[in-house]
Amino acid sequence: QVQLVESGGGLVQAGGSLRLSCAASGRTISSFYMGWFRQAPGKEREFVATISWNGGSTYYSDSVKGRFTISRDNAKNTVYLQMNSLKPGDTALYYCNAVQPGQRHELWRSWGQGTQVTVSS
């Protein structure tokens, strides 16, 4: 059973930065594309970004492109999301999961607890 632990969220002012981490256990993530998702109150879960097996390819939603950077360290079984120029609209609970190449939905049924990002104006 894969376990995912997201961390690094917090309360920041608009224009600030945060770096999120997703530590996986129970499975080796090197064989999977990994992605970040977020969900704000009253909204559906939204795809944010994905990264290929060794980080050679990345894809971002239009809402975060140019501001967020996804990366991974397979030796640490960890995925990161560097978030710069944060906006109040980025406020959400952020989750990570495996994804299939070219897809924007989760691959594993198990989700972590998520990490809360709150951006004030």
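All of these numbers come straight from a predicted model, not from anything done at the bench. Values below: every heavy atom of this structure, side chains too, minus hydrogens, waters and symmetry copies.
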Could you give the distance from [atom1] ([X]) to [atom2] ([Y]), rounded to the nearest 0.5 Å?
X      : Y     : atom1 : atom2 : value
Asn54  : Arg72 : CG    : CZ    : 7.5 Å
Phe32  : Ser52 : CZ    : OG    : 14.5 Å
Cys96  : Glu6  : SG    : CD    : 4.0 Å
Ser61  : Phe68 : OG    : CZ    : 8.0 Å
Leu20  : Gln82 : CG    : CD    : 8.5 Å
Ser121 : Lys87 : OG    : NZ    : 14.0 Å

Does some side-chain heavy atom of [Y] sit less than 4.5 Å from a side-chain heavy atom of [X]?
X     : Y     : value
Ile70 : Leu81 : yes
Arg38 : Asp90 : yes
Thr58 : Tyr60 : yes

Decide whether [X] and [Y] are clustered together by the hydrophobic rule: side chain heavy atoms of Ile, Leu, Val, Met, Phe, Trp, Tyr closer than 4.5 Å, transitively.
X      : Y     : answer
Val48  : Val12 : yes
Val79  : Tyr95 : no
Ile51  : Phe47 : no
Leu107 : Val5  : no
Leu86  : Val64 : yes

Trp53 ring center within less than 6.0 Å of Tyr33 ring center: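 Yes, close enough.
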Heavy atoms only: give me the nearest [X]-[Y] pair and the separation to one decimal.
X      : Y      : result
Gly114 : Leu93  : C-CD1, 3.9 Å
His105 : Gln103 : CE1-OE1, 3.4 Å
Leu18  : Gly8   : CD2-O, 3.7 Å
Ala92  : Ala40  : CB-N, 3.9 Å
Ser85  : Arg67  : O-NH1, 3.0 Å
Leu4   : Cys22  : CD2-SG, 4.0 Å

Exercise: do [X] and [Y] side chains pair donor with acceptor under 3.5 Å:
X     : Y      : value
Tyr59 : Arg104 : yes
Gln1  : Ser110 : yes
Thr28 : Ser30  : no

Under the 3.5 angstrom rule, does the side chain of [X] hit a backbone N or O of [Y] as a donor-acceptor pair?
X     : Y      : result
Arg27 : Val2   : no
Thr91 : Val119 : yes
Asn77 : Ile29  : yes
Asp73 : Thr78  : no
Trp36 : Tyr80  : yes

Residues Tyr94, Met83; criterion side chain to side chain contact (heavy atoms under 4.5 Å, CB included); working and verdict: CA-CA 12 Å; Tyr94 283 71; Met83 306 185 296; 3.9 Å; yes
